[in-house]
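Let me begin by presenting the structure, written as structure tokens, before commenting on it.
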Amino acid sequence: MHRPTFFISSTIYDFRDLRSALKFYLEEQGCKVLASEFNDFEKPLDRHSYEACLQAIHAADYFVLLIGSRVGGWYDEENQISITQREYRE
């Protein structure tokens with residue numbers, strides 16, 4: 001049986017506890033959770049972690065976006081696009 005896969009997108013520092021709780025809950029329900037700050041998130045050594053996140057979105061059945069007051073890291077600083085914005089656009 002296919003396990004639903006969730007990708008959690010947000011800034012990490014201000015949502016650390018919520019991301020962790022959401023990952024724990026979803027995994028308890030039998031789901032797979034892709035969250036970049038955890039050790040089980042696959043990050044190829046030859047790619048930037050941002051690119052690994054964008055690639056992982058395509059493996060997810062569901063995209064969970066948490067929006068707060070922080071911008072987070074810049075994916076494209078010149079055009080002021082954060083990695084979270086880029087994940088949403090992906």
Side-chain angles (χ1 to χ4, degrees):
M1 185 165 128
H2 175 73
R3 287 176 45 192
T5 301
F6 288 78
F7 181 91
I8 301 175
S9 176
S10 72
T11 53
I12 293 174
Y13 297 108
D14 51 341
F15 285 109
R16 183 179 314 274
D17 292 339
L18 180 56
R19 290 172 65 94
S20 181
L22 185 57
K23 179 174 170 52
F24 177 80
Y25 174 79
L26 289 169
E27 288 177 342
E28 285 291 305
Q29 303 307 308
C31 301
K32 180 177 179 180
V33 178
L34 306 173
S36 64
E37 73 273 28
F38 292 95
N39 291 336
D40 60 355
F41 185 80
E42 294 184 26
K43 298 177 204 163
L45 297 175
D46 63 339
R47 301 183 79 191
H48 191 285
S49 62
Y50 290 173
E51 295 305 320
C53 289
L54 297 176
Q55 182 178 4
I57 290 168
H58 295 276
D61 299 304
Y62 300 97
F63 180 85
V64 178
L65 176 60
L66 306 172
I67 300 173
S69 60
R70 291 190 71 246
V71 172
W74 293 114
Y75 179 80
D76 179 352
E77 189 169 6
E78 182 178 326
N79 293 306
Q80 297 205 333
I81 299 170
S82 73
I83 182 56
T84 307
Q85 289 171 313
R86 181 64 181 90
E87 289 170 352
Y88 173 75
R89 292 175 179 177
E90 187 71 23

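Note on Phe41: it does not cluster hydrophobically with Leu26, by side-chain heavy-atom contacts below 4.5 Å among ILVMFWY residues. Following chains of ILVMFWY side-chain contacts shorter than 4.5 Å, one can reach Ile57 starting from Ile67, so the two form part of one hydrophobic cluster. Val64 is connected to Phe15 through a chain of hydrophobic side-chain contacts under 4.5 Å among Ile, Leu, Val, Met, Phe, Trp and Tyr, so both are in one cluster.
For the atom pair CG (Leu54) and OG (Ser49), the distance works out to 9.5 Å, reported to the nearest 0.5 Å. The CD atom of Glu90 sits 9.5 Å away from the CZ atom of Phe7 when rounded to the nearest 0.5 Å. Distance CD/Glu37 to OG/Ser10: 7.0 Å, rounded to 0.5 Å. Here the CZ atom belonging to Arg70 is positioned 10.0 Å from the OG atom belonging to Ser82, to the nearest 0.5 angstrom. A distance of 8.5 Å separates SG in Cys31 from OH in Tyr25, rounded to the nearest 0.5 Å.
Taking the six-membered ring where tryptophan is involved, the planes of Phe63 and Tyr88 are tilted, since the angle between them lies from 30° to 60°. A tilted orientation is assigned to the rings of Tyr50 and Tyr75, their planes being inclined by 30° to 60°.
Using a 4.5 Å heavy-atom threshold, the side chains of Ile12 and Ser36 count as touching. Here the side chains of Val71 and Thr11 are not in contact, with every heavy-atom distance at 4.5 Å or above. The side-chain heavy atoms of Thr84 and Leu65, taken from C-beta on, include a pair separated by under 4.5 Å. Side-chain atoms of Arg3 and Asp61, non-hydrogen and from C-beta on, never get closer than 4.5 Å to each other. Counting heavy atoms from C-beta on, the side chains of Arg16 and Tyr13 come closer than 4.5 Å. Contact annotation: the side chain of Leu22 approaches that of Ile8 to within less than 4.5 Å [non-hydrogen atoms, C-beta and beyond].
Within 6.0 Å of atom NZ in Lys32, 12 or fewer heavy atoms from other residues, nucleotides or ligands are found, so the atom counts as exposed in its surroundings.
For Lys23 and Phe38, the positive end sits near the middle of the six-membered ring, less than 6.0 Å away and at most 45° from its axis.
For Arg19 and Asp14, the salt-bridge test fails: no basic side-chain N is under 4.0 Å from an acidic carboxylate O.
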Might you work through the side chain to side chain contact (heavy atoms under 4.5 Å, CB included) test for Gln80 and Gln85, ending with a clear yes or no? CA-CA 9 Å; Gln80 297 205 333; Gln85 289 171 313; 6.0 Å; no

